[in-house]
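Notes for the one structure printed next.
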Protein chains: 2
Amino acid sequence: MFNNINLTSYLEMAKGIYAGTPQFYVAVDCIIFAYENNEIQVLLQKRKIEPFIGEQTLLGGFVGADESLDDAAHRVLLERTGMKNVFLEQVETFGEIDRDPGGRVISTAYYALLNKKLHNTKLIQKYGCQWVSLKELPHLHFDHGKMLVKALKLLRDRIGYTPVAMNLLPSEFTLTQLQHVYEGILGVELDKRNFRKRLKEMPYFAETGKKDKSFSKRAASLYSFDWEMYRQLKYYHL
Amino acid sequence: MFNNINLTSYLEMAKGIYAGTPQFYVAVDCIIFAYENNEIQVLLQKRKIEPFIGEQTLLGGFVGADESLDDAAHRVLLERTGMKNVFLEQVETFGEIDRDPGGRVISTAYYALLNKKLHNTKLIQKYGCQWVSLKELPHLHFDHGKMLVKALKLLRDRIGYTPVAMNLLPSEFTLTQLQHVYEGILGVELDKRNFRKRLKEMPYFAETGKKDKSFSKRAASLYSFDWEMYRQLKYYHL
DNA sequence: TCAAAAGTGTTAATAGTACACCCATGA
DNA sequence: TCATGGGTGTACTATTAACACTTTTGA
């Protein structure tokens, strides 16, 4: 077995012109956000190795030799949730020497936003994953706590001037749902009238004409977001 | 020589519990900003290897085996400019498979802000580095152009609500200098009266009582920034 | 009939923007 | 004396924040 590894490593090194330069394991860790029951949730999984075996951690994985960082993050998402084309944005790369007890590992954190209705619930059970409310997060070991805090800060920033919230909702949604997404991410309550007034000024939010009765007795209008119109207006305004 | 490399790599791998997992070269690239002559400048160096030998690139270096990512960036700064404790912030990590023609290299971009008066001009000559105006940047190869654009975007964001601009100036500065720093980074002209009005509302900007005549016939007041007061007020407001 | 969520405008306060002239001094 | 950068205040506009009641309908 070690002979094999040696050979592989020898070939890898011979390919590069940087022979002699130290090499590192590279991983990605994903902070996966979703919205359900009027709250923001994060997907965590049970750690399978010591130390802290059985405790909850972020979903991660090593980057493959023929895989970009972004591809690795998308692969982790696909493996664990069955979803492709999930919204992902890089948060930060963590490179402290002793950050991983198993060896020298550099890890890039990504946050993901997904429509929870579309994920594969059997797959996450198979991987020992569970959704945890953002308000009831457990203590996360290593630098995973820092990763989550940074991811949330970045998301709070982004939601202020980009329509990332759309990634957490179905293509048709009520304004109350949308407001709950904003409140859950920002951690504050918003004024309903001011919230709706601002949306009305954005032409890429459009009533579909359909109604939803699943959340209230009086039906709520369903809205959709026109990405194409958003892009055109955005670039026009520059 | 190859035997040596093979042995090193074997020992490295045997240490970790992730044997068999691919490893990567990890580098840092620094976008180093400074202010002089009413403009923002970036430090570039001449590339010493093919392809594009002799053309200008960002300052970079490989991360050492016993060095964190942040430490590697600080080391690159120290090597090239002779400066310690330079302001550094991580921008983003670039991990495309073919981003470096010499091998599979993951690179984390950092931006740095330094007081140009304090750097070692002989050292940068020795390394083949030169300061280039932000308005006259050459084409940068590989993903270095993207790195610079991202760094500048991040800096433009930060300057809007943090006092990062102070890192580009001496401890005592005139309001005109400060305004030029903002204008250089944001790429727009600002109204002098509005700019000064806002500063007057911030108690951590204080007149030192001293005057500077080197830039004008009529002396300009020198100001200083009180970091301690800034931190206290900032946390108090949360 | 009542509980629960949907929907709707106005006013006040704050923040941001536009704008022009006199001052001090060294060359 | 004049060219150069230093220094100052006000009016207008846009944005944001505060605030309460009526509607619909299923249980």
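Computed over heavy atoms, backbone and side chain alike; hydrogens, waters and symmetry mates excluded. Letters A, B, ... mirror the listed sequences (proteins, then strands); counts begin at 1.
- Listed by chain and number, the residues in a salt bridge (charged side-chain N to carboxylate O under 4.0 Å, His left out) with B/Glu36 are B/Lys116 (sequence neighbours excluded).
- Here the side chain of A/Ser216 is nearest to one of C/dA5, C/dT25, D/dG6, namely C/dA5.
- In this structure, of D/dA3, D/dT25, C/dG7, it is C/dG7 that holds the atom nearest to the side chain of A/Arg196.
- Listed candidates were D/dG9, D/dC19, D/dG6. Nearest to the side chain of B/Thr176 is D/dG6.
- Considering only side-chain atoms of A/Lys197, the nucleotide from C/dT8, C/dA5, D/dA17 that sits closest is D/dA17.
- For the pair A/Ala220 and A/Arg193, nearest-nucleotide mapping onto DNA chain C gives the more 5' position to A/Ala220.
- Proximity note for B/Asn194 (side chain, C-beta onward) versus D/dG26, D/dG9, C/dT10: the nearest is D/dG9.
- By the 6.0 Å contact criterion, CZ on B/Arg198 is open, its count of non-hydrogen atoms from other residues, nucleotides or ligands being 12 or less.
- The nucleotide whose nearest atom lies closest to any side-chain atom of B/Ser221 is, among D/dG7, D/dG5, C/dG7, D/dG7.
- Here A/Lys46 does not pair with A/Glu55 in a salt bridge; the nearest charged N to carboxylate O distance is not below 4.0 Å.
- A pairwise comparison of heavy atoms in A/Leu88 and A/Ala112 identifies CD2-CB, 3.6 Å as the closest pair.
- Residue B/Lys200 is in sugar-phosphate contact alone, with no base atom involved, counting any heavy-atom pair closer than 4.0 Å across all strands shown.
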